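First up is the structure itself, then whatever we jot down about it.
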Amino acid sequence: MASSDEPAGGLRESGVEPQPPGQKIGVAQQMLDKGASMLQSLKPVKQISHHACTFALYAHDLSRQIETHHYVSRLNQDLLQCAVYDSDASHAHLIGVEYIVSDQIFETLSPDEQKLWHSHAYEVKSGLMVHPRIPEMVAKPELENLAKTYGKFWCTWQVDRGDKLPLGAPALMMSPQATGVGMVKEELLQKRDDYYNISTDAIKGSRVEIEEPEWINPQADYWRQHEGKGFAVDIVPTDMTLRAPFP
């Protein structure tokens with residue numbers, strides 16, 4: 001099994017880690033960080049409960065696929081929030097954020113909002129979504145819940161194209177699917193399996209008994225219902241709303 005400090009995800013895919021510009025961390029900053037870790041609560045970060053690894057596709061270009069590492073915290077049973085990294089290494093890049101909601105919450109969203117979300121049923125049933133180093137039997141209850149959820153994932157740092165900084169507008173991401181352009185590339189999947197010494201095919205076989213949702217809202221996974229159509233964020237000038245001057 002690979003070391004947890006070994007580069008993963010997009011770093012392994014390209015073979016070259018995009019080093020961000022900047023000097024090494026100084027002594028003064030190291031002292032602050034050490035002191036802060038002892039004196040401050042860091043409560044939001046400490047709520048992260050577990051690590052999941054899966055794959056994501058760019059909503060505007062499904063040929064671009066990345067391995068993603070989600071560090072998950074629970075706001076409640078129906079709402080998760082994930083800090084998404086490109087690897088599980090100590091020097092991993094924070095590349096985005098994903099929010100995950102239950103099917104009950106998803107059904108309360110407007111149709112326009114639902115178009116920005118993707119389903120998780122296939123990721124779970126196919127073995128693409130794994131909890132590294134956690135036995136499948138331990139993860140099974142979580143997987144059964146996740147199969148009925150929807151996610152909205154914004155990527156803020158496109159390391160797969162070699163960006164050394166988080167550049168441009170955030171990109172909406174989609175979930176892998178079973179056929180066609182939505183399938184995960186075999187070489188990307190194999191690199192993940194080799195790194196964690198797992199078999200996605202074997203994991204898929206062990207999840208046969210996990211129930212699929214009776215119904216997946218067709219507003220999700222928008223590109224599947226509208227072939228060739230996706231969503232991309234653009235940055236355009238706009239009139240700024242200014243605070244009214246004091247009388």
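Atom set for the values below is all heavy atoms of this structure, side chains included, hydrogens, waters and symmetry mates excluded. This structure is a prediction, so every number in the text was calculated from the model and none was measured.
- Side-chain atoms of Asp160 do not come within 3.5 Å of backbone N or O of Ile66 as any donor-acceptor pair.
- Residues passing the side chain to side chain contact (heavy atoms under 4.5 Å, CB included) test with Glu113 are Leu109, Ser110, Leu116, Trp117, Lys152, sequence neighbours excluded.
- Residues Arg161 and Arg64 approach most closely at CD-NH2, 3.9 Å, considering heavy atoms.
- Closest approach of Trp157 to Pro20, counting heavy atoms only: CH2-CB, 4.4 Å.
- Note that CE of Met183 and CG of Leu189 are 9.5 Å apart. Values are rounded to the nearest 0.5 Å.
- Residues Asp194 and Lys191 are not paired through a salt bridge, judged by the lack of any N-O separation under 4.0 Å between the basic side chain and the carboxylate.
- For Lys148, the salt bridge (Lys or Arg N to Asp or Glu O under 4.0 Å) criterion is met by no residue, not counting sequence neighbours.
- The minimum heavy-atom distance between Trp154 and Val233, with the atom names listed, is CZ3-CG2, 3.4 Å.
- In terms of heavy-atom proximity, Phe153 sits nearest to Thr68 at CE2-CG2, 3.8 Å.
- The ring-ring contact (aromatic ring centres under 6.0 Å, His included) test applied to Tyr58 returns His60, not counting sequence neighbours.
- Using a distance-only test at 3.5 Å, with no hydrogens or angles considered, no donor-acceptor pair links the side chain of Ser119 to the main chain of Ala121.
- Heavy-atom minimum distance, Pro176 versus Tyr122: O-CD2, 3.4 Å.
- Inspection of the Thr200 and Arg192 side chains reveals an N or O donor paired with an N or O acceptor under 3.5 Å.
- The backbone N or O of Gly182 lies less than 3.5 Å from no partner atom in the side chain of Gln177, so there is not a single donor-acceptor pair.
- At a threshold of 4.0 Å, the pair Lys125-Glu209 does not count as salt-bridged, since none of the basic side-chain nitrogens sits closer than that to a carboxylate oxygen.
- Applying the side chain to side chain contact (heavy atoms under 4.5 Å, CB included) criterion to Gln47, with sequence neighbours excluded, gives Ser73.
- What you find for Glu211 and Ala147 is that their closest heavy atoms are O-CB, 4.2 Å.
- Residues satisfying the ring-ring contact (aromatic ring centres under 6.0 Å, His included) test with His51, not counting sequence neighbours, are His69, Tyr71.
- Among residues two or more places apart in sequence or in another chain, the ring-ring contact (aromatic ring centres under 6.0 Å, His included) test is passed with Tyr222 by His226, Phe231.
- Classified by interplanar angle (parallel below 30°, tilted 30° to 60°, perpendicular above 60°), the ring pair Tyr150/Phe106 is parallel.
- Open room surrounds OH on Tyr85; 12 or fewer heavy atoms of other groups in view lie less than 6.0 Å from it.
- Here the side chain of Asp86 pairs a donor or acceptor atom with the backbone of His93 at under 3.5 angstrom.
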